[in-house]
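Counting starts at 1 for both ligands and their atoms, in listed order. As a basis for the values below, the full set of heavy atoms in this structure was taken, side chains included, without hydrogen atoms, waters or symmetry mates.
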Amino acid sequence: MLRSCATMPRMSTAPDLSAVDGLTPLERATRHKLMLGLFIPLQQGAWSPSTYPRETSWSFEYNAECTVRAEELGFDLLFGLAQWLGKGGYGGAMRFRENAADPLLVTAGLAPLTRNIILISTVHILYGWHPLHLAKFAASLDHMSGGRWGLNVVTGYKKSEYEMFGIDPIEHDERYARADEFTAMMKRLWTEDDNVTMDGRWWSLRNAFVAPKPRHGSVILVNAASSGAGLEYAAKHSDLIFITSPAGADLDRACAALPAHNARIKALARKHGRSVKTIINPHVICRETEREALARRCAIVEHADPVAADNFYATFAGGDQASWRAATREDWIVGGNVHVVGSPEQVVDAFARLHAAGCDGVQVNFYDYLPDLEFFGARVLPLLRSAGFRG
Ligand SMILES: Cc1cc2nc3c(=O)[nH]c(=O)nc-3n(C[C@H](O)[C@H](O)[C@H](O)COP(=O)(O)O)c2cc1C
């Protein structure tokens with residue numbers, strides 16, 4: 001059946017900024033005092049195992065509209081999560097996250113709809129990929145997007161995911177040793193103007209070659225680790241690190257814990273002669289008044305799907321990952337790493353505190369994405385600009 005034009009994603013109306021300022025997408029993003037990203041809702045139910053009414057959808061059309069609108073509002077980047085879940089997702093009546101579009105393919109589809117926004121996709125590099133495959137795919141995506149494509153290198157931390165692929169779980173720090181070798185091979189393929197032969201511990205290349213090369217020497221490299229081994233990897237290879245609050249979702253506690261975390265990451269990068277930018281993902285619930293915003297937060301929690309909430313929380317409370325140890329079950333019903341709930345002025349104040357705690361950027365997630373994004377654009381962005389956080 002032919003789709004009607006009404007459901008076709010529309011193209012961004014934003015002007016091509018590279019023609020105006022001549023900067024690379026990463027240079028343009030990092031020029032802002034506070035980088036701004038959108039965590040797109042590729043998974044059914046996005047971040048919140050709650051049935052409180054909303055229109056958020058995992059569909060390509062919905063995510064495309066979120067992306068195009070974010071670009072028009074001046075966001076620097078978007079980010080897509082990757083996950084592998086069984087039938088029913090995290091379960092419950094809402095079958096939380098059962099439908100989940102793949103970010104690699106979605107970001108490829110978003111490239112021709114947009115002109116400026118950085119498109120970051122997660123890839124689980126240890127689930128059967130060869131570095132030559134991903135180096136080639138990434139270089140192609142770099143060209144399709146005009147140098148705007150970013151790779152969030154994840155190793156996977158769920159035993160169930162490894163089992164799905166028929167792979168034995170890999171010890172935590174060895175995962176990052178493998179990621180290091182994988183990334184080193186991709187970097188050689190992206191930069192060397194000759195066939196590459198390389199014997200690693202886990203992969204080998206024989207006269208392997210990738211052309212075209214990414215236009216800025218590498219695709220934008222991202223990681224989201226918290227552990228010692230993960231941060232060593234990220235400090236060595238990544239341009240951007242998605243961080244979590246070591247103290248859970250409460251803003252006060254997060255702002256007390258984040259300065260040391262951010263300082264440690266920056267020091268690690270300096271040790272490798274590099275600099276990295278850190279980005280945290282707040283779940284933003286913003287209304288004209290604090291009272292309305294708090295009431296909305298309450299409604300989201302009251303409508304929790306109890307089974308989905310239990311399973312979602314158990315995932316992050318367990319395993320050998322180091323990122324979410326301090327988050328509570330209620331934190332996970334709302335979603336995100338830090339909760340920012342309040343009026344537009346309070347949201348800007350919270351972002352200012354996260355920036356003062358050493359975060360170079362925020363990538364926001366919402367409950368009801370399109371209307372919440374629109375409200376954010378109308379009420380929060382002008383305040384962020386006048387406070388000097390956005391150019
Ligand atoms: C913002 C953010 C996004 C992440 N996205 C994914 C993802 O899409 N898929 C995934 O398996 N893990 C994802 N992770 C998990 C990390 O890759 C990492 O495994 C986790 O933070 C634990 O850190 P550690 O491996 O250093 O212990 C994400 C983490 C953060 C903070």
Side-chain angles (χ1 to χ4, degrees), residues 35 37-43 46-47 58 77-85 90 97 100-107 120-127 129 150-165 167 169-180 182-183 221-238 240-249 254 258 261-262 264-265 268 277-283 312 315-327 331-332 335-338 354 359-365:
M35 274 183 280
L38 183 68
F39 208 130
I40 54 172
L42 290 178
Q43 288 79 24
W47 269 105
W58 58 271
L77 60 94
L78 75 80
F79 170 64
L81 171 89
Q83 60 155 50
W84 305 89
L85 288 171
Y90 284 103
R97 289 193 169 183
D102 180 78
L104 183 65
L105 301 184
V106 168
T107 50
I120 300 174
S121 167
T122 300
V123 177
H124 288 99
I125 58 156
L126 302 183
Y127 297 171
W129 284 90
L151 170 63
N152 177 34
V153 173
V154 301
T155 58
Y157 57 90
K158 290 183 191 160
K159 190 166 163 274
S160 58
E161 291 192 345
Y162 278 87
E163 284 168 356
M164 272 194 185
F165 285 93
I167 304 169
I170 302 166
E171 186 275 323
H172 181 281
D173 288 6
E174 186 183 316
R175 300 202 288 264
Y176 285 105
R178 292 190 190 208
D180 180 51
F182 193 107
T183 308
L221 285 175
V222 185
N223 182 257
S226 294
S227 59
L231 290 178
E232 271 292 341
Y233 165 87
K236 190 170 165 191
H237 294 293
S238 305
L240 307 173
I241 304 185
F242 293 148
I243 56 165
T244 49
S245 155
L258 280 166
H261 190 49
N262 277 312
R264 176 180 173 217
I265 293 170
L268 274 175
K277 300 286 183 189
T278 58
I279 302 184
I280 195 156
N281 73 300
H283 188 108
F312 197 41
T315 299
F316 293 102
D320 62 2
Q321 55 76 27
S323 285
W324 297 284
R325 294 267 168 238
D331 289 346
W332 280 111
N337 281 308
V338 182
L354 291 168
C359 301
D360 300 305
V362 290
Q363 55 162 332
V364 293
N365 37 279

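Those atoms of ligand 1 with a heavy atom of T122 less than 4.0 angstrom away are 7 (C), 8 (O), 9 (N). Residue-ligand proximity, S226 to ligand 1, at heavy-atom distances under 4.0 Å covers atoms 23 (O), 24 (P), 26 (O). Proximity to F79 (heavy-atom distance under 4.0 Å) selects the following atoms of ligand 1: 3 (C), 5 (N). Ligand-side atoms of ligand 1 in range of F242: 1 (C), 31 (C), range being under 4.0 angstrom from any heavy atom. For ligand 1 and T244, the ligand atoms under 4.0 Å from any heavy atom of the residue are 31 (C).
Among residues two or more places apart in sequence or in another chain, the side chain to side chain donor-acceptor pair (under 3.5 Å) test is passed with Y233 by T183. For F182, the ring pair (Phe, Tyr, Trp, His ring centres under 6.0 Å) partners are W203, not counting sequence neighbours.
For a threshold of 3.5 Å applied to N or O pairs, the pair formed by H172 and ligand 1 contains at least one separation below that value. In terms of polar-atom proximity, defined here as any N/O pair under 3.5 Å, N337 makes no such contact with ligand 1. In terms of polar-atom proximity, defined here as any N/O pair under 3.5 Å, Y176 does make such a contact with ligand 1. Every N/O-N/O distance between T155 and ligand 1 stays at or above 3.5 Å.
Remark: E174 engages R178 in a salt bridge, criterion side-chain N to carboxylate O under 4.0 Å.
Summarising the contacts of atom 2 (C) of ligand 1 with A224, P103, G156, the nearest heavy atom is found in A224. Remark: among candidates Q83, Q363, H124, the nearest residue to atom 10 (C) of ligand 1 is H124, based on non-hydrogen atoms. By heavy-atom distance, the residue among G80, G230, S227, A82 lying nearest atom 26 (O) of ligand 1 is S227.
Side-chain contact check for H124 and W84: at least one donor-acceptor pair (N or O, by modelled atom type) lies under 3.5 Å.
For the pair R175 (side chain) and T155 (backbone), a donor-acceptor distance under 3.5 Å is absent. Not one N or O on the side chain of N337 forms a donor-acceptor pair closer than 3.5 Å with the backbone of S245. Looking only at distances, no side-chain donor or acceptor of Q363 sits under 3.5 Å from a matching main-chain atom of I279.
Proximity of L81 to ligand 1, defined as any heavy-atom pair under 4.0 Å, is shared by backbone and side chain alike.
Note that the CG atom of L85 and the OG atom of S160 stand 7.0 Å from one another [nearest 0.5 Å].
With a 6.0 Å cutoff to the six-membered ring centre and a 45° limit on the axis angle, R97 counts as a cation-pi contact of W47.
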